[in-house]
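Report on one structure; see the data block that follows.
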There are 2 protein chains.
Amino acid sequence: MAESREFLYPSKWLSKASAGNRVTSELRMRIISGEIESGTILSENKLAVDFAVSRSPIREALKILASENIIRLERMGAVVIGLSDKEIEEIYDVRLLIESFVFERLVRMDTNELVKELSKILEMMKVAIKYSDADEFSYQDVLFHETIIHAVNHSYILMIWNNLKPVMESFILLSMRMRFKEKYEDFTRIVKNHELYIEAIKTKDRDLMIKSFHENFDDVQVKVEDLWMSQQMLSKGVVQQND
Amino acid sequence: MAESREFLYPSKWLSKASAGNRVTSELRMRIISGEIESGTILSENKLAVDFAVSRSPIREALKILASENIIRLERMGAVVIGLSDKEIEEIYDVRLLIESFVFERLVRMDTNELVKELSKILEMMKVAIKYSDADEFSYQDVLFHETIIHAVNHSYILMIWNNLKPVMESFILLSMRMRFKEKYEDFTRIVKNHELYIEAIKTKDRDLMIKSFHENFDDVQVKVEDLWMSQQMLSKGVVQQND
DNA sequence: TCAAGTATACTTGTATACAAGTATTATAAA
DNA sequence: TTTATAATACTTGTATACAAGTATACTTGA
C-alpha cells in the first residue's frame, strides 16, 4: 500500500522532529479527524509499513497516544478511541478546571508582563486571520492559553497541560481549518473573546474570565460530526488506507 | 558495578510486569526516596548496565518518568528533578482540584455502591494496620482515592489521575513505611479521616469532604527531608551506585 | 457435522547494531 | 601558556533480529 499521501499535521512544525514524533503527530491528527475511525485496531507492524519506518518509532507513538487517551493499548493491537462529543466536553472540563486554578494564582501576582505577552499573541492571531492562515492561527491560539498557564510556574499543572495540549492542538487545528473555509465570520468573535480574557487578567475579574472561557468554548465547540464531514471534503483525493 | 541489591518497589506488585515496568517503578522509587539525588544525570547506557537489561526498557522508563515530571529529558542525559516540598504541595493542589471536581459529580449521582466499596477498602486498610503491612496499607490508600475517581467515569480526569498516580503511590509508600516504624499512632487518625471522607460522600457534604481532604493532606505530608533521612536508615546496608 | 488438538501467522517485549550528532579530551601550533 | 584542530568517547534515534506468548485457521478423529 504505502502510497505517497498528504499529511494532516503541518510539516513545518516538524522541522527537527524525529520519526517517532512525526508518526505521533500525524497519527493523532488522523485519529482526531476521524480518518482513522474509532474502534479500528492498529498494528505496530502494519503502521511501520504504512509510515515506512521501523517498529521503534511506532511503539513510541502508540505509547504517547495511549497516555493521551485517544487509543487504548491491549494485549493484541491498539484500539482507537478517538474524540467523541463526550470527550471534547471532558477536555474542556479539564481546561476550565486548570485555567480557573491558574487564574486564582494570577490574581495574586503582577500580571503586567503576561498581559503584554498575550496582547502580542493576539496581534499575531489577527494577522493569521488576515492572511487566512488556519494553522498559524491555531498555533497562536494554543500558545495564548499555554502562556497563561506557564505564568504561574506550577509544574504539576503544567504536566496536565502538556498531556492535554497535543490533543487540543489537533482538535483546534482541524476545527479552525474548517471554519476558515466555511465560517470566516466566526473569527471576529473569537478575537473579541480573547480580548475579554486579557481584560479579565488585567482587571483580575474572575467572573469575566469564566464568561470569556465559556463563550470561547461554545464558539470553538464544533460537533465531531461536522469535523469529520469537513475532513472528508478536504481529503477527498487521498487514498484510504485499507490493507 | 551492578551488585545484587534490595529493591524499593514491592516486588509482588510486579509479578507479571515487563522489564520496562520494573525499571520504571524502581527508578521512580529511588528518585522519590532521594536515593538518586535531584540534579543527577542519568545515562541510558549506564542504567542498562546497572539494571542488567538492554536500552529498550530503559528508554521506555525514562520517557514515562519524564511525563511524570520527576526527570527532564535533555539533549544529553536525563536530569533528575525528584520531589521537593514544593512539588509535593503541587501534587496535592492537583489532587484537591480533581477530587473536588469529582465530588461535584458525585453529588448528582447515586453513591450507594461507591460507599459500600470504599467501606470495604477501609476495612482492608485497618487489617493492614493491624499486621503492620505498610505496603498493603499504601496500596489500599491509593485504591481508595482511585475508586472515588473511577466512579464518575470521566476519561480525562482519569487521565490526570493515571499520570499522577505512580508518583503519589511511591510517595505514600515511602511515607507509610516510615510512619509504621516511627509514628504508628498516626494511623488511627488516618483511618478517621477516611471515615469522614466516606461520610462526606454519603451525606453529599462538600465542606466535610474538603475538610477531611485537607486533614488527610496535613497528615500525610511528610517533609521530604524526613523521608530521605528515614530512607537512609532503611537502606544503610545498600551499596551506593556511583560509577 | 462437530470437537479437540495442532500448525501457522500474528502479537509484544527485549536485545543488539549502527548511523549521525555532540561533548570531551588530547594533540599540535602559536 | 594559550588556542585551534583533531581524535575519542559518549549521546540519541532508528532498524533489525529474536524469543515467548496468543489468536486464527486448519486439520484429524469421532
Side-chain angles (χ1 to χ4, degrees), chain A residues 1-2 7 9 11 13-28 31 36 39-68 70-81 162 166 241-243, chain B residues 1-2 7 9 11 13-28 31 36 39-68 70-81 162 166 241-243:
Chain A
M1 289 296 120
F7 290 106
Y9 195 79
S11 54
W13 296 2
L14 293 169
S15 56
K16 282 257 165 184
S18 64
N21 287 323
R22 284 164 199 279
V23 171
T24 308
S25 299
E26 184 58 24
L27 216 42
R28 189 189 290 116
I31 290 169
I36 300 177
T40 308
I41 291 171
L42 300 174
S43 149
E44 288 186 4
N45 289 314
K46 219 174 283 173
L47 287 172
V49 174
D50 287 350
F51 281 95
V53 293
S54 78
R55 266 182 60 219
S56 307
I58 300 289
R59 275 180 77 78
E60 190 190 322
L62 294 184
K63 287 263 164 66
I64 292 171
L65 298 179
S67 85
E68 291 172 3
I70 61 174
I71 69 172
R72 187 165 16 93
L73 260 32
E74 302 200 336
R75 277 141 291 127
M76 308 226 103
V79 182
V80 173
I81 299 173
N162 286 336
Q241 53 165 11
N242 351 315
D243 57 319
Chain B
M1 291 294 121
F7 290 105
Y9 196 81
S11 55
W13 295 2
L14 292 169
S15 55
K16 283 259 166 183
S18 63
N21 287 322
R22 284 166 199 279
V23 171
T24 308
S25 299
E26 184 58 22
L27 217 41
R28 189 189 292 117
I31 289 170
I36 299 177
T40 308
I41 292 171
L42 301 174
S43 148
E44 287 185 5
N45 288 314
K46 220 173 283 171
L47 287 172
V49 174
D50 288 350
F51 281 96
V53 295
S54 77
R55 267 181 59 216
S56 308
I58 300 288
R59 276 181 75 78
E60 190 190 323
L62 294 184
K63 287 264 164 64
I64 293 171
L65 298 180
S67 85
E68 290 170 4
I70 60 173
I71 69 172
R72 186 164 17 92
L73 260 32
E74 301 200 337
R75 276 141 291 128
M76 306 225 104
V79 182
V80 173
I81 298 174
N162 285 336
Q241 52 167 9
N242 352 315
D243 57 317

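The figures that follow rest on heavy atoms only: side chains count, while hydrogens, waters and symmetry mates do not. The structure presented is a predicted model; accordingly, all values stated were derived computationally and were not measured. Chain identifiers are assigned alphabetically (A, B, ...) following the order of the sequence lines, protein sequences preceding nucleic acid strands; residue numbering begins at 1 within each chain.
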(message) Of the listed nucleotides (D:dT14, C:dA15, D:dT12), which one gets closest to any side-chain atom of B:Ser56?
(response) C:dA15
(request) Calculate the interatomic distance between A:Arg75 atom CZ and D:dA20 atom C1'; express it in whole Å. (result) 17 Å
(request) For A:Arg55 and C:dT16, give me the distance from atom CZ to atom C1', rounded to whole Å. (result) 14 Å
(request) Verify the contact: side-chain N or O of A:Ser18 to OP1 or OP2 of D:dT12, cut-off strictly under 4.0 Å; return yes or no. (result) no
(request) Find the distance B:Ile41:CD1 to D:dT12:C1' and express it as a whole number of Å. (result) 15 Å
(message) From CD of B:Glu60 over to C1' of D:dG13, roughly how many Å is that when rounded to an integer?
(response) 16 Å
(request) Please check the phosphate of C:dT14 (OP1 and OP2 only) for any side-chain N or O of B:Ser54 closer than 4.0 Å. (result) no
(request) For A:Gly20 and for B:Lys16, locate the closest nucleotide of DNA chain D by heavy-atom distance; then report the residue assigned to the nucleotide nearer the 5' terminus. (result) A:Gly20
(request) Could you check how far CD1 of A:Ile64 sits from P of D:dG13, rounded to whole Å? (result) 11 Å
(request) Decide side chain to side chain contact (heavy atoms under 4.5 Å, CB included) for A:Ile36 and A:Leu27; before the verdict, give the C-alpha distance in whole Å, the side-chain angles of both, and the deciding distance to 0.1 Å. (result) CA-CA 8 Å; A:Ile36 300 177; A:Leu27 216 42; 3.9 Å; yes
(request) Give the rounded distance in Å between these two atoms: CE of A:Met76 and P of D:dA25. (result) 13 Å
(message) If I take atom CZ in residue A:Arg59 and atom C1' in nucleotide D:dG13, what distance separates them, rounded to the nearest angstrom?
(response) 15 Å
(message) Between B:Ser43 and D:dT11, is there a contact of a side-chain N or O with OP1 or OP2 at under 4.0 Å?
(response) yes
(request) May I ask you to decide if A:Ile81's main-chain N or O and A:Arg72's side chain share a donor-acceptor pair within less than 3.5 Å? (result) no
(request) Please report, rounded to the nearest Å, how far the P atom of D:dG13 is from the CZ atom of A:Arg22. (result) 13 Å
(message) Taking 4.0 Å as the cut-off, does a side-chain nitrogen or oxygen of B:Asn45 come that near to OP1 or OP2 on D:dC10?
(response) no
(request) Evaluate the side chain to side chain contact (heavy atoms under 4.5 Å, CB included) criterion for residues A:Arg28 and A:Glu68: first the C-alpha distance (whole Å), next the side-chain angles of each, then the deciding distance (0.1 Å), finally the verdict. (result) CA-CA 10 Å; A:Arg28 189 189 290 116; A:Glu68 291 172 3; 2.8 Å; yes
(request) Tell me, yes or no, whether the heavy-atom count around B:Ile41 atom CD1, taken from other residues, nucleotides or ligands under 6.0 Å, exceeds 12. (result) no
(request) List the steps and the verdict of side-chain hydrogen bond (donor to acceptor under 3.5 Å, both in side chains) for A:Asn21 and A:Thr24. (result) CA-CA 5 Å; A:Asn21 287 323; A:Thr24 308; 4.8 Å; no
